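In what follows, a single structure is set out as C-alpha coordinates and then discussed.
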Amino acid sequence: GAVVSQHPSWVICKSGTSVKIECRSLDFQATTMFWYRQFPKQSLMLMATSNEGSKATYEQGVEKDKFLINHASLTLSTLTVTSAHPEDSSFYICSASGSKAYEQYFGPGTRLTVT
Amino acid sequence: DQQVKQNSPSLSVQEGRISILNCDYTNSMFDYFLWYKKYPAEGPTFLISISSIKDKNEDGRFTVFLNKSAKHLSLHIVPSQPGDSAVYFCAASETSGTYKYIFGTGTRLKVLA
(Lines give C-alpha, C1' and ligand atoms only; values in the text may rest on other atoms or scores of the structure.)
Protein backbone atom coordinates (compact mmCIF):
# COMPACT_ATOMS: atom_id res chain seq x y z
CA GLY A 1 0.00 0.00 0.00
CA ALA A 2 0.84 3.73 0.04
CA VAL A 3 2.03 4.02 -3.54
CA VAL A 4 2.64 7.39 -5.14
CA SER A 5 3.31 7.76 -8.84
CA GLN A 6 4.69 10.64 -10.86
CA HIS A 7 4.45 11.36 -14.54
CA PRO A 8 6.55 11.90 -16.53
CA SER A 9 9.65 10.34 -15.03
CA TRP A 10 11.81 12.59 -17.13
CA VAL A 11 11.20 15.50 -19.47
CA ILE A 12 13.31 17.76 -21.63
CA CYS A 13 11.88 21.09 -22.66
CA LYS A 14 13.04 24.26 -24.32
CA SER A 15 13.62 27.46 -22.41
CA GLY A 16 10.47 29.56 -22.19
CA THR A 17 8.01 26.68 -22.39
CA SER A 18 5.88 25.25 -19.58
CA VAL A 19 5.97 21.74 -18.20
CA LYS A 20 3.35 19.92 -16.13
CA ILE A 21 4.23 17.15 -13.70
CA GLU A 22 1.54 14.92 -12.22
CA CYS A 23 1.58 13.26 -8.83
CA ARG A 24 -0.96 10.58 -7.99
CA SER A 25 -1.66 8.57 -4.85
CA LEU A 26 -2.68 5.18 -6.22
CA ASP A 27 -4.11 3.34 -3.25
CA PHE A 28 -5.00 5.96 -0.67
CA GLN A 29 -6.58 9.36 -0.43
CA ALA A 30 -3.96 12.04 -0.01
CA THR A 31 -5.23 14.82 2.19
CA THR A 32 -2.00 16.67 1.74
CA MET A 33 0.58 16.59 -1.00
CA PHE A 34 4.03 18.09 -0.97
CA TRP A 35 6.42 19.11 -3.73
CA TYR A 36 10.17 18.92 -3.27
CA ARG A 37 13.14 19.76 -5.38
CA GLN A 38 16.54 18.12 -5.20
CA PHE A 39 19.74 19.42 -6.74
CA PRO A 40 22.61 16.98 -7.36
CA LYS A 41 24.21 15.75 -4.15
CA GLN A 42 21.98 17.97 -2.06
CA SER A 43 19.06 17.43 0.23
CA LEU A 44 15.38 17.57 -0.64
CA MET A 45 14.03 21.08 -0.37
CA LEU A 46 10.34 21.55 0.30
CA MET A 47 8.78 23.86 -2.28
CA ALA A 48 5.13 23.85 -1.35
CA THR A 49 2.34 22.09 0.50
CA SER A 50 -1.11 21.59 -0.95
CA ASN A 51 -4.39 20.41 0.47
CA GLU A 52 -7.17 19.17 -1.77
CA GLY A 53 -9.36 21.97 -2.98
CA SER A 54 -7.36 24.81 -1.52
CA LYS A 55 -4.47 26.98 -2.56
CA ALA A 56 -0.96 25.72 -2.08
CA THR A 57 1.29 27.12 0.62
CA TYR A 58 4.70 27.99 -0.76
CA GLU A 59 7.96 27.98 1.15
CA GLN A 60 9.99 31.13 1.40
CA GLY A 61 11.88 31.88 -1.77
CA VAL A 62 9.68 29.76 -4.04
CA GLU A 63 7.91 31.76 -6.74
CA LYS A 64 4.26 30.79 -6.74
CA ASP A 65 3.67 32.29 -10.18
CA LYS A 66 6.45 30.20 -11.62
CA PHE A 67 5.62 26.93 -9.91
CA LEU A 68 1.86 26.51 -10.19
CA ILE A 69 0.39 23.82 -7.99
CA ASN A 70 -3.09 22.38 -8.35
CA HIS A 71 -4.49 19.78 -5.96
CA ALA A 72 -7.73 19.06 -7.76
CA SER A 73 -8.67 15.79 -6.07
CA LEU A 74 -7.66 13.56 -3.18
CA THR A 75 -5.49 11.51 -5.51
CA LEU A 76 -3.97 14.06 -7.88
CA SER A 77 -1.73 17.09 -7.60
CA THR A 78 0.05 18.82 -10.46
CA LEU A 79 3.09 21.06 -10.58
CA THR A 80 3.47 23.29 -13.61
CA VAL A 81 6.82 24.95 -14.18
CA THR A 82 5.99 28.02 -16.24
CA SER A 83 8.39 29.77 -18.59
CA ALA A 84 11.08 27.28 -17.72
CA HIS A 85 14.73 28.32 -17.67
CA PRO A 86 17.87 26.17 -17.52
CA GLU A 87 18.24 26.94 -13.81
CA ASP A 88 14.90 25.18 -13.23
CA SER A 89 16.54 21.93 -14.30
CA SER A 90 16.33 19.66 -11.30
CA PHE A 91 14.80 16.53 -9.82
CA TYR A 92 11.25 17.20 -8.65
CA ILE A 93 9.67 14.83 -6.15
CA CYS A 94 6.18 14.79 -4.73
CA SER A 95 4.97 13.15 -1.58
CA ALA A 96 1.58 12.49 -0.10
CA SER A 97 0.13 11.86 3.32
CA GLY A 98 -3.24 10.42 4.15
CA SER A 99 -4.93 9.39 7.36
CA LYS A 100 -1.59 9.26 9.18
CA ALA A 101 -0.50 12.83 8.65
CA TYR A 102 2.98 12.18 10.01
CA GLU A 103 3.79 9.61 7.35
CA GLN A 104 4.70 10.84 3.89
CA TYR A 105 5.09 8.58 0.89
CA PHE A 106 7.18 9.73 -1.99
CA GLY A 107 6.81 9.42 -5.72
CA PRO A 108 9.71 8.25 -7.88
CA GLY A 109 10.56 11.77 -8.98
CA THR A 110 10.70 13.64 -12.28
CA ARG A 111 13.95 14.72 -13.88
CA LEU A 112 13.42 18.05 -15.66
CA THR A 113 16.04 19.33 -18.07
CA VAL A 114 15.54 22.74 -19.64
CA THR A 115 17.67 23.44 -22.71
CA ASP B 1 20.64 27.64 8.33
CA GLN B 2 20.65 23.84 8.26
CA GLN B 3 18.18 22.75 10.91
CA VAL B 4 18.77 19.06 10.28
CA LYS B 5 22.33 17.87 9.81
CA GLN B 6 23.90 14.61 8.85
CA ASN B 7 27.57 15.26 9.39
CA SER B 8 28.86 12.09 7.79
CA PRO B 9 28.44 12.30 4.02
CA SER B 10 29.45 8.67 3.60
CA LEU B 11 29.89 5.45 5.56
CA SER B 12 31.30 2.06 4.59
CA VAL B 13 30.43 -1.05 6.57
CA GLN B 14 31.20 -4.72 6.13
CA GLU B 15 28.28 -7.01 5.37
CA GLY B 16 26.83 -8.50 8.53
CA ARG B 17 28.08 -5.71 10.77
CA ILE B 18 26.11 -2.84 12.26
CA SER B 19 25.58 0.41 10.35
CA ILE B 20 25.00 3.50 12.48
CA LEU B 21 23.80 6.64 10.76
CA ASN B 22 23.59 9.85 12.76
CA CYS B 23 21.44 12.94 12.55
CA ASP B 24 21.44 16.14 14.60
CA TYR B 25 18.84 18.88 14.69
CA THR B 26 18.71 22.37 16.11
CA ASN B 27 15.01 23.14 16.39
CA SER B 28 13.69 22.02 19.77
CA MET B 29 10.15 22.19 18.39
CA PHE B 30 10.78 19.18 16.15
CA ASP B 31 8.99 16.21 17.61
CA TYR B 32 8.49 13.76 14.80
CA PHE B 33 11.31 12.17 12.85
CA LEU B 34 11.55 9.93 9.83
CA TRP B 35 14.31 8.01 8.12
CA TYR B 36 14.26 7.46 4.38
CA LYS B 37 16.39 5.45 2.01
CA LYS B 38 17.01 6.76 -1.49
CA TYR B 39 18.55 5.34 -4.64
CA PRO B 40 19.77 7.67 -7.41
CA ALA B 41 17.01 9.07 -9.64
CA GLU B 42 14.30 7.56 -7.43
CA GLY B 43 12.03 8.95 -4.75
CA PRO B 44 12.82 8.29 -1.08
CA THR B 45 11.46 5.12 0.52
CA PHE B 46 10.09 5.40 4.03
CA LEU B 47 11.99 3.24 6.52
CA ILE B 48 11.05 4.04 10.08
CA SER B 49 9.71 6.86 12.22
CA ILE B 50 9.85 7.98 15.82
CA SER B 51 7.96 10.54 17.83
CA SER B 52 9.43 12.54 20.67
CA ILE B 53 7.47 10.63 23.27
CA LYS B 54 9.67 7.62 22.58
CA ASP B 55 13.41 7.13 22.67
CA LYS B 56 13.51 3.99 20.56
CA ASN B 57 11.56 2.39 17.76
CA GLU B 58 12.40 -0.91 16.15
CA ASP B 59 11.27 -2.50 12.89
CA GLY B 60 13.08 -5.62 11.83
CA ARG B 61 16.72 -4.84 11.14
CA PHE B 62 16.14 -1.11 11.61
CA THR B 63 16.14 0.68 14.97
CA VAL B 64 15.93 4.41 15.48
CA PHE B 65 17.11 6.01 18.72
CA LEU B 66 16.16 9.51 19.80
CA ASN B 67 18.01 11.59 22.37
CA LYS B 68 15.90 14.71 22.80
CA SER B 69 18.22 16.43 25.24
CA ALA B 70 21.08 16.11 22.78
CA LYS B 71 18.84 16.78 19.77
CA HIS B 72 20.27 13.69 18.19
CA LEU B 73 18.87 10.63 16.50
CA SER B 74 20.50 7.62 14.98
CA LEU B 75 19.50 4.77 12.72
CA HIS B 76 20.97 1.34 13.38
CA ILE B 77 20.89 -1.36 10.73
CA VAL B 78 21.74 -4.84 11.94
CA PRO B 79 22.91 -6.90 10.19
CA SER B 80 23.87 -4.74 7.24
CA GLN B 81 23.32 -6.19 3.79
CA PRO B 82 24.70 -5.13 0.39
CA GLY B 83 21.16 -4.17 -0.66
CA ASP B 84 21.16 -1.55 2.08
CA SER B 85 23.68 0.48 0.08
CA ALA B 86 21.91 3.77 -0.65
CA VAL B 87 21.68 7.34 0.58
CA TYR B 88 19.86 7.70 3.90
CA PHE B 89 18.05 10.87 4.87
CA CYS B 90 16.67 11.83 8.22
CA ALA B 91 13.78 14.28 8.32
CA ALA B 92 12.20 16.22 11.16
CA SER B 93 8.92 18.03 11.65
CA GLU B 94 6.93 19.86 14.26
CA THR B 95 3.56 18.36 15.13
CA SER B 96 1.37 21.25 14.13
CA GLY B 97 -1.32 20.16 11.73
CA THR B 98 0.61 19.71 8.53
CA TYR B 99 3.83 17.79 8.93
CA LYS B 100 6.37 19.78 6.93
CA TYR B 101 9.57 17.82 7.03
CA ILE B 102 13.02 19.34 6.93
CA PHE B 103 15.52 16.91 5.45
CA GLY B 104 19.13 16.36 6.34
CA THR B 105 21.82 16.32 3.68
CA GLY B 106 22.01 12.54 3.56
CA THR B 107 24.60 9.87 4.30
CA ARG B 108 25.71 7.51 1.57
CA LEU B 109 25.99 4.01 3.02
CA LYS B 110 28.03 1.39 1.25
CA VAL B 111 27.82 -2.15 2.56
CA LEU B 112 30.76 -4.21 1.41
CA ALA B 113 30.25 -7.88 0.62
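Keep in mind the model is a prediction, meaning the values are calculated, not measured.
If you measure heavy-atom distances from A/Ser97 to chain B, you find no contacts under 4.5 Å at all. Residue A/Tyr102 touches chain B through both its backbone and its side chain, counting heavy-atom pairs closer than 4.5 Å. Using a 4.5 Å cut-off between heavy atoms, B/Tyr36 contacts chain A through its side chain alone, with no backbone atom that close.
Note on B/Ala91, B/Gly43, B/Ser93: by heavy-atom pairs under 4.5 Å with chain A, the leading option is B/Gly43.
Open room surrounds NZ on A/Lys64; 12 or fewer heavy atoms of other groups in view lie less than 6.0 Å from it.
Of all residues spanning residues 42-53 of chain A, those with a heavy atom less than 4.5 Å away from chain B's heavy atoms are A/Gln42, A/Ser43, A/Leu44, A/Leu46, A/Thr49, arranged by number. Residues of residues 67-85 of chain A having a heavy atom under 4.5 Å from any heavy atom of chain B: none. Heavy-atom neighbours of chain B within the stretch residues 4-20 of chain A, taken at a separation under 4.5 angstrom, are nonexistent. Listed by sequence position, A/Phe106, A/Gly107, A/Pro108, A/Gly109 are the residues of residues 106-115 of chain A in contact with chain B, using a 4.5 angstrom heavy-atom cutoff.
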**OP:** In sequence, state the C-alpha distance, the side-chain angles, and the governing distance for B/His76 and B/Phe62, and then conclude on ring pair (Phe, Tyr, Trp, His ring centres under 6.0 Å).
**Re:** CA-CA 6 Å; B/His76 293 209; B/Phe62 302 93; over 10 Å; no
Subject >> Residue pair B/Lys68, B/Asp31: steps toward the salt bridge (Lys or Arg N to Asp or Glu O under 4.0 Å) verdict >> reply: CA-CA 9 Å; B/Lys68 279 201 71 177; B/Asp31 56 8; over 6 Å; no
Original post:
Could you go step by step and tell me if B/Tyr101 and A/Phe34 meet the ring pair (Phe, Tyr, Trp, His ring centres under 6.0 Å) rule?
Top reply: CA-CA 10 Å; B/Tyr101 284 98; A/Phe34 305 82; 7.7 Å; no
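Put simply, CZ on B/Phe30 and NZ on B/Lys71 are 11.0 Å apart, with the number rounded to the nearest 0.5 Å. Rounding to the nearest 0.5 angstrom, the gap separating the CG atom in B/Asp59 from the CG atom in B/Leu47 is 9.0 Å. Taken to the nearest 0.5 Å, the OG atom of B/Ser85 stands 7.5 Å off from the OH atom of B/Tyr39. Taking CZ of B/Phe89 as the start and SG of B/Cys23 as the end, the distance is 11.5 Å to the nearest 0.5 Å. One finds the CD1 atom of B/Ile48 at 10.5 Å from the CH2 atom of B/Trp35 (value rounded to the nearest 0.5 Å).
By the rule that hydrophobic residues join a cluster once side-chain heavy atoms approach within less than 4.5 Å of another member, A/Tyr92 and A/Met33 end up as members of separate clusters.
A donor-acceptor contact closer than 3.5 angstrom links the side chains of B/Ser69 and B/Asn67. With no hydrogens or angles considered, no side-chain donor-acceptor pair links A/Glu103 and B/Tyr32 at under 3.5 Å. In this model, a donor atom of one side chain and an acceptor atom of the other lie less than 3.5 Å apart for A/Gln38 and B/Lys38. Side chains of B/Thr107 and B/Ser8: no donor on one and acceptor on the other come within 3.5 Å.
Taking 4.0 Å as the cut-off between side-chain N and carboxylate O, A/Arg24 and A/Glu22 count as a salt-bridged pair. Ion pairing between a basic and an acidic side chain is recognised when a charged N comes within 4.0 Å of a carboxylate O; B/Lys100 and A/Glu59 show such pairing.
A donor-acceptor pair under 3.5 Å links the side-chain atoms of B/Asn57 to the main chain of B/Ser49, judged by distance alone.
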